There are 2 protein chains.
Amino acid sequence: MKPANLHDVARRAGVSHQTVSRVINGHPSLRPDTRDRVLAAIAELGYRPNATARALATRTSRTVGVVSSGDPNYGPSSTMSGFTSACRDAGYAVQVATVPAVDRASWHAGVSDLVDRGVDGVVVVAARVAELAAARDLTINQPLVLVTSGSAPKISTVSVDQVAGAALATQHLIDHGHRSIRYLAGPDDFNDAGARLDGWQAAMARAGLAVRPPLVGDWSARAGYELGVALADDLSFTGVVSGNDQMALGLIHALSDAGISVPGDVSVVGFDDIPEAEHFLPPLTTIRQDFAEVGRQTMGLMLDLLAEHQPRSVSIPPQLISRRSVARSRV
Amino acid sequence: MKPANLHDVARRAGVSHQTVSRVINGHPSLRPDTRDRVLAAIAELGYRPNATARALATRTSRTVGVVSSGDPNYGPSSTMSGFTSACRDAGYAVQVATVPAVDRASWHAGVSDLVDRGVDGVVVVAARVAELAAARDLTINQPLVLVTSGSAPKISTVSVDQVAGAALATQHLIDHGHRSIRYLAGPDDFNDAGARLDGWQAAMARAGLAVRPPLVGDWSARAGYELGVALADDLSFTGVVSGNDQMALGLIHALSDAGISVPGDVSVVGFDDIPEAEHFLPPLTTIRQDFAEVGRQTMGLMLDLLAEHQPRSVSIPPQLISRRSVARSRV
DNA sequence: GGCTATGGCGCATCCGGTGCT
DNA sequence: CAGCACCGGATGCGCCATAGC
């Protein structure tokens with residue numbers, strides 16, 4: 001059985017289909033009894049408005065698209081989840097596109113596909129610098145908001161303040177008497193990695209401490225482990241801030257294998273506060289990012305743009321979660 | 001400037017708009033030079049077909065909807081990611097809806113919204129039993145595929161074989177000489193929790209071992225920790241299989257706090273193989289689920305249904321990943 | 001065979017028309 | 001007779017399908 005349409009409802013209620021359209025869209029001038037008759041017909045027929053037709057006629061779909069690389073990491077997927085909820089609350093649907101590669105062409109294709117499908121706006125989750133670059137020179141007529149660290153002129157962006165977060169972590173170590181603090185960086189091609197590195201360097205410089213070269217990993221626990229093995233050989237430091245919690249986990253693993261105690265011999269601060277961090281051995285002191293808030297703010301900016309407001313950027317402050325992996329320096 | 005439409009292209013190429021429609025849809029009977037002229041006009045105008053209009057006319061959108069509760073856990077978000085990629089490869093777009101609560105009404109509303117927006121099919125990711133129940137009595141005209149453990153008659157479902165996975169974990173412990181093996185279960189209201197519990201019980205029974213009551217947690221590392229504290233008091237077992245890796249992490253934490261060595265005193269097997277599991281202390285022996293494959297299979301079943309085939313179910317075998325948290329029993 | 005005209009898909013919206021006060 | 005509240009006819013959104021030339 002075909003779904004009922006406006007005409008069917010109109011016939012059933014003994015009015016024209018335009019009148020039905022009016023009651024659906026809450027038009028004011030309608031006699032109450034006609035309204036009720038129409039409503040009754042709608043209920044009896046189980047009529048549901050066809051969003052596609054409406055989109056075609058109004059040129060707006062109440063849908064926003066989001067494109068991301070689709071890695072199931074804690075940060076991106078939490079952001080997605082928060083954003084999707086915010087969309088629902090705002091009465092918008094969301095269409096997602098994952099992109100198979102990081103090159104510009106793939107990203108532009110992903111965005112184009114979304115636009116062709118009629119989304120009212122698009123949000124780009126750009127973790128890598130190449131992705132951010134691709135997003136920056138996007139030219140579309142729809143509102144665009146970027147979720148990323150690193151900024152872009154004339155574009156709405158939302159980000160967690162990574163620089164402040166890394167500085168917070170570093171300062172925490174400094175406050176505990178540490179003076180030689182190493183940094184485990186994420187890969188160069190990630191925006192967050194660069195920003196966090198900057199934060200560490202800035203905090204070190206502010207305290208007049210020597211900035212030694214960062215150790216670079218790929219975010220994985222395995223990388224943290226390997227870096228930790230190397231670090232265990234040359235124990236010329238008492239603190240390390242890790243670019244994320246996973247690398248901190250691997251690092252602690254390696255240190256432990258080498259008979260080095262955390263936080264007895266070295267203190268460690270992570271970044272992200274993944275749910276597991278609380279139960280690492282020892283429970284990890286780390287920097288928490290409020291991804292749900294990121295999602296909400298993203299939709300907020302989108303709604304702004306949709307209402308023809310100017311682009312603006314919001315930065316969300318991270319928070320230090322103090323647990324057991326940091327102790328006062330003994331040297 | 002308004003985007004170009006079929007008419008504009010037709011005028012520019014000096015043909016009618018149907019002819020343009022034909023070249024776009026790859027219709028065979030077209031003189032090569034008209035084709036080229038049209039293609040040129042398309043390129044010059046930067047014409048892009050309007051998917052909304054096409055959807056209205058053809059009644060198919062090449063879009064599938066997926067509804068889930070949106071928790072950013074490793075399993076669900078990996079599944080999402082795998083599925084989204086599979087959709088892209090098949091030329092389908094995906095619209096996601098997260099549901100704010102687990103009750104039936106919310107789920108039906110989520111599905112209805114997707115259907116109203118014109119998706120060609122919907123996939124439901126049902127982690128909780130209430131969600132599965134809600135999905136089971138869904139009545140829609142579109143193809144439906146369920147991603148869940150637990151089955152549903154006459155509906156296409158894809159799942160990882162949780163029973164086999166838990167049996168695998170348990171048997172691994174048995175093979176290492178363990179005879180008293182406890183089980184850390186996930187909450188009752190999760191489908192996976194029940195299935196894994198069944199697998200453990202079956203394996204224990206098969207080996208003629210006593211089945212003691214499971215300890216029930218909520219999947220979190222914290223719960224694993226608390227259960228571990230209780231367990232440490234009464235060390236009447238040598239092995240434990242945990243319903244997921246996070247609880248295993250918390251458990252190991254608690255055991256370690258109590259001076260109990262893993263795997264020296266007790267052996268532990270997890271479930272999921274989250275990326276961090278490899279670097280727990282000790283590296284965790286666990287059951288890996290191939291979520292990317294789940295995503296691919298899900299789209300495969302959807303495509304089947306879209307091609308008017310009968311519903312069918314696929315079960316994906318999990319795999320034991322042997323690491324360091326299991327040792328031969330000393331008792 | 002190669003192409004054009006016509007008629008929808010389901011809805012919104014401008015505009016013009018009733019009946020009433 | 002002016003003015004308002006309410007309703008319906010025609011037209012179009014951008015495309016596809018069918019029949020026709």
Side-chain angles (χ1 to χ4, degrees), chain A residues 1-39 41-42 45-63 93 113 115-120 141-142, chain B residues 1-39 41-42 45-63 93 113 115-120 141-142:
Chain A
M1 195 185 72
K2 294 228 160 306
N5 65 15
L6 269 193
H7 263 100
D8 302 329
V9 175
R11 247 206 329 269
R12 181 105 156 119
V15 298
S16 81
H17 68 128
Q18 296 60 345
T19 303
V20 178
S21 177
R22 283 192 182 136
V23 351
I24 290 168
N25 297 354
H27 193 95
S29 28
L30 275 178
R31 213 166 340 174
D33 64 323
T34 353
R35 230 182 82 86
D36 292 346
R37 234 176 36 244
V38 171
L39 252 20
I42 287 177
L45 262 34
Y47 166 77
R48 320 229 53 180
N50 179 317
T52 303
R54 192 194 298 240
L56 183 59
T58 59
R59 259 162 272 235
T60 47
S61 56
R62 287 189 81 79
T63 295
D113 182 53
V115 169
D116 290 347
R117 285 175 185 275
V119 300
D120 292 344
N141 296 319
Q142 286 76 6
Chain B
M1 196 186 71
K2 296 233 158 303
N5 64 18
L6 271 192
H7 263 100
D8 302 329
V9 175
R11 247 206 330 269
R12 180 107 158 121
V15 298
S16 81
H17 67 131
Q18 290 29 341
T19 304
V20 178
S21 176
R22 283 200 181 131
V23 351
I24 291 168
N25 297 355
H27 194 94
S29 31
L30 275 178
R31 212 171 335 174
D33 65 323
T34 0
R35 229 181 82 87
D36 292 346
R37 232 172 43 241
V38 170
L39 252 20
I42 287 178
L45 262 32
Y47 167 77
R48 320 228 52 179
N50 179 319
T52 304
R54 191 193 300 235
L56 183 60
T58 59
R59 261 159 260 251
T60 48
S61 56
R62 287 190 82 78
T63 295
D113 182 52
V115 169
D116 290 347
R117 286 176 184 273
V119 300
D120 292 344
N141 296 319
Q142 286 75 7

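Keep in mind the model is a prediction, meaning the values are calculated, not measured.
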Task: A:Asn5: side-chain hydrogen bond (donor to acceptor under 3.5 Å, both in side chains) partners, not counting sequence neighbours - done: none

Open item on the list: Reading DNA chain C in the 5' to 3' direction, which nucleotide is the first one with an atom under 4.0 Å from a heavy atom of chain A, and which is the last?
Closed with: C:dG10 to C:dC15

Could you go over nucleotides 7-9 of chain D and give all protein N or O partners under 3.5 Å, atom names and distances?
residue: D:dC7; atom: OP1; partner: A:Thr34; partner atom: OG1; Å: 2.6
residue: D:dC7; atom: OP2; partner: A:Arg31; partner atom: N; Å: 3.4
residue: D:dC7; atom: N4; partner: A:Arg22; partner atom: NH2; Å: 3.3
residue: D:dG8; atom: OP2; partner: A:Ser16; partner atom: N; Å: 2.8
residue: D:dG8; atom: OP2; partner: A:Ser16; partner atom: OG; Å: 3.2
residue: D:dG8; atom: OP2; partner: A:Thr19; partner atom: OG1; Å: 2.5
residue: D:dG8; atom: O6; partner: A:Arg22; partner atom: NH2; Å: 2.6
residue: D:dG9; atom: N7; partner: A:Gln18; partner atom: NE2; Å: 2.9

TODO: Measure from CZ on B:Arg54 to P on D:dC13 and round the result to the nearest Å.
DONE: 18 Å

Task: Which atom of A:Arg35 lies closest to which atom of A:Val23, heavy atoms considered - done: CG-CB, 4.3 Å

- [ ] Specify the closest pair of heavy atoms between A:Val38 and A:Ala13, including all atoms of both residues, with the distance to one decimal.
- [x] CA-CB, 4.0 Å

Open item on the list: Working to the nearest 0.5 angstrom, can you tell me the gap between A:Thr19 OG1 and A:Ile24 CD1?
Closed with: 11.0 Å

Open item on the list: On a heavy-atom basis, which atom in B:His7 and which in B:His17 lie closest, and how many Å separate them?
Closed with: CE1-ND1, 4.2 Å

- [ ] Round to the nearest Å and state the distance from B:Arg62 atom CZ to D:dC16 atom C1'.
- [x] 16 Å

Task: Presence of B:Asn5 side-chain N/O under 4.0 Å of D:dG14 phosphate oxygens OP1/OP2 - done: yes

Open item on the list: Using whole Å, what does the distance between atom P of nucleotide D:dG14 and atom CG of B:Asn25 come to?
Closed with: 17 Å

Open item on the list: Looking at every heavy atom in both A:Arg54 and A:Pro49, which two are closest together, and how far apart are they?
Closed with: NH2-CB, 3.3 Å

Open item on the list: For a side-chain hydrogen bond (donor to acceptor under 3.5 Å, both in side chains) check, start with the C-alpha distance between A:Ser16 and A:Gln18, then their side-chain angles and the critical distance, and finish with the verdict.
Closed with: CA-CA 5 Å; A:Ser16 81; A:Gln18 296 60 345; 3.2 Å; yes

Task: Distance (rounded to the nearest 0.5 Å) between A:Asp116 CG and B:Asn50 CG - done: 8.5 Å

Open item on the list: Nearest whole Å is fine: how far is D:dT11 P from A:Leu56 CG?
Closed with: 18 Å

